[in-house]
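Here is the structure we will look at, set down as structure tokens.
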Amino acid sequence: MTDKPRGPSGELASYQRDRFSAGGIEHDIYRKGSGPAVIVLTEMPGITPRVLGFADRVAAMGCSVILPQLFGTPGREPGSLGYGLKSALSVCIRREFTMFALNKTAPIIDWLRALARHEHARCGGPGVGAVGMCFTGGFALAMSTDPRILAPVLSQPSLPAALKKADRASIDCSRSDLEVVKQRCQREGLRVLGLRFERDPLSPGERFDFLRQQLGDAFIAVELDPAHRHPDGYLRNA
């Protein structure tokens, strides 16, 4: 069987490295392009070549793409299971993140909101986009309490870890923050885009049902049937 085709890869060397600090938290960030800011929050294990390939496409659309390095080694291939586990375990013990808490916004969100404000002031334009992926999928929702976030995208949001029924029918955003987002949807016409594969155990359907209940028509759900995979059927677990 032929190896599964992979998405385009990007080169870390083509990005400008900077350091951003706010609220006692400091992380490297990587920038590319010009135009309105789009913050791309990577999945585990971090800023991989294919995440860079996606970011390249965002920059090519006429945007300034910003990738915060929150975990992992930037530019490294996902590689072994051990590397992925090491990245995940490092996050588990850091106070910036919450993997299992219900109805709670992770402390890192305040830093990300500050980054959004900084990048909006630097880049200009109507506002900022935020794309979360899997582990960071729900971060874009919690960031949307800031009025500068105009295009939140939740790709396969996987937190809190779907261990119990209550976990599956929730997302890593506090009730107070979610209420602010709901008010923005009602008053400002904010729309929240969510994407997942059906029957994905890490991003369960109950989570999207919860978001539909909370946000109504402002939540735009794209749920892909796993049958709509590569024509040769290489994606067995979408």
Exercise. With R122, which residues qualify under side chain to side chain donor-acceptor pair (under 3.5 Å), at least two apart?
Worked result: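 Applying side chain to side chain donor-acceptor pair (under 3.5 Å) to R122 gives E119.
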For this session: Taking side chain to side chain contact (heavy atoms under 4.5 Å, CB included) as the test, write out the residues that go with K104, two or more places apart.
Result: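 With neighbours one apart ignored, the set is T98, A101.
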Exercise. Are V65 and V153 connected, step by step, through hydrophobic side chains (Ile, Leu, Val, Met, Phe, Trp, Tyr) whose heavy atoms are closer than 4.5 Å?
Worked result: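 Linked, V65 and V153 end up in one cluster.
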Problem set entry | Residue among Q214, R212, R207 satisfying side chain to side chain contact (heavy atoms under 4.5 Å, CB included) with F210 | Q214
Heavy atoms, side chains only, cut-off 4.5 Å: are [X] and [Y] in contact?
| X | Y | result |
| --- | --- | --- |
| K165 | E206 | no |
| I29 | L115 | yes |
| I108 | L70 | yes |

Exercise. Mind checking whether F97 and F139 have parallel, tilted or perpendicular rings, split at 30° and 60°?
Worked result: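 Parallel, since the angle between the ring planes stays under 30°.
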For this session: For atom CD of E11, decide whether the heavy atoms of other residues, nucleotides or ligands shown that lie under 6.0 angstrom number more than 12.
Result: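 Atom CD in E11 is not crowded, with 12 or fewer foreign heavy atoms closer than 6.0 Å.
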Exercise. Any chance CZ of R57 has more than 12 other-residue heavy atoms, nucleotides or ligands included, within less than 6.0 Å?
Worked result: no
For this session: Not counting sequence neighbours, list each pair that qualifies as a salt bridge (Lys or Arg N to Asp or Glu O under 4.0 Å) and has a residue in residues 128-148.
Result: R117-D146, D146-R148
Problem set entry | Backbone of L195 reached by a side-chain donor or acceptor of S155 within 3.5 Å | no
For this session: For S64 and G35, indicate whether the former's side chain and the latter's backbone hold a donor-acceptor pair under 3.5 Å.
Result: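 It does hold such a pair.
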For this session: Please find out if less than 6.0 Å separates the ring center of H118 from that of F20.
Result: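 Yes.
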